[in-house]
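The structure displayed is predicted, hence computed values, not measured ones.
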Amino acid sequence: MTAATAVPPYHELLWPALLAVDELGGSASIGEMVEAVVKRERFTDDQQAVLHNDGPETEIGYRLAWARTYLKGMGLLTNSARGVWAVTDTGAALLNDPSMDERAKRERVRVLWSEHVAHLRSKDRQRKARKSPVSEDLGPADEPDWKEQLL
């Protein structure tokens, strides 16, 4: 991808995605949301033409799918029906908070995203720890490496 066709990473699309759904009346289909974000962020035709891998999904659509997933995990969007996304009460409270300007709201979304990612990583570490218990006789340095385990 060249600089002219670069698409922002999904985490930079969290705020535009949330705003797009809100501006569409608090609920939007995936297509409506993508269209609104493309317009809002002024993506060029070249950016819109970039396919994810070999397609048929565009890179913008793919990254917005991840943004929706994370916004749902953060409690700001909900998947109210198949292919329909809606702003939650928590999301609406953030969007309509009169004590915060847009910069502060965007920063709050970034903090919520960081916390959500940290939570997901913690859950993943706990899951992995439950799957592979370490023998009490062996410390981490004494564990056989993968080659020794095969022998």
With a 4.5 Å cut-off on side-chain heavy atoms, are [Y] and [X] touching?
| X | Y | value |
| --- | --- | --- |
| W85 | I30 | yes |
| V87 | L76 | no |
| T58 | Y62 | no |
| N79 | V84 | no |
| E107 | V111 | yes |
| E102 | W15 | yes |

[atom1]/[X]: more than 12 non-hydrogen atoms of other groups inside 6.0 Å:
| X | atom1 | result |
| --- | --- | --- |
| E115 | CD | yes |
| D124 | CG | yes |
| D101 | CG | yes |

Spell out, as yes or no, whether a donor-acceptor pair under 3.5 Å connects the side chain of [X] to the backbone of [Y].
| X | Y | answer |
| --- | --- | --- |
| S122 | A118 | no |
| E12 | P9 | no |
| N53 | G55 | no |
| E57 | L51 | no |

Exercise for review: Can you tell me which residue pairs pass the salt bridge (charged side-chain N to carboxylate O under 4.0 Å, His left out) test with a partner in residues 13-32, sequence neighbours excluded?
Suggested key: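 Pairs touching residues 13-32 that pass the test: E23-R40.
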
**Study point:** salt bridge (charged side-chain N to carboxylate O under 4.0 Å, His left out) pairs, two or more places apart, involving residues 72-86
**Key:**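 Residue pairs with at least one partner in residues 72-86: there are none.
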
Practice item. Give the intermediate values and the outcome of salt bridge (Lys or Arg N to Asp or Glu O under 4.0 Å) for residues R63 and E59. Key: CA-CA 6 Å; R63 292 183 186 183; E59 193 62 31; 2.7 Å; yes

Practice item. Assert yes or no for the condition that the ring centre distance of H116 to Y70 is strictly below 6.0 Å. Key: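 Yes.
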
Exercise for review: May I ask you to decide if the ring planes of W66 and Y10 are parallel, tilted or perpendicular, using 30° and 60° as cut-offs?
Suggested key: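 W66 and Y10: tilted rings.
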
State, to 0.1 Å, how close [X] and [Y] come at their nearest heavy-atom pair, and which atoms those are.
| X | Y | result |
| --- | --- | --- |
| A28 | V21 | N-CG1, 4.3 Å |
| L94 | R108 | CD1-CG, 3.7 Å |
| T88 | G75 | OG1-O, 2.5 Å |

Review point. So D97 and S99, side-chain hydrogen bond (donor to acceptor under 3.5 Å, both in side chains) or not? Walk me through it.
Key: CA-CA 6 Å; D97 186 342; S99 69; 2.6 Å; yes

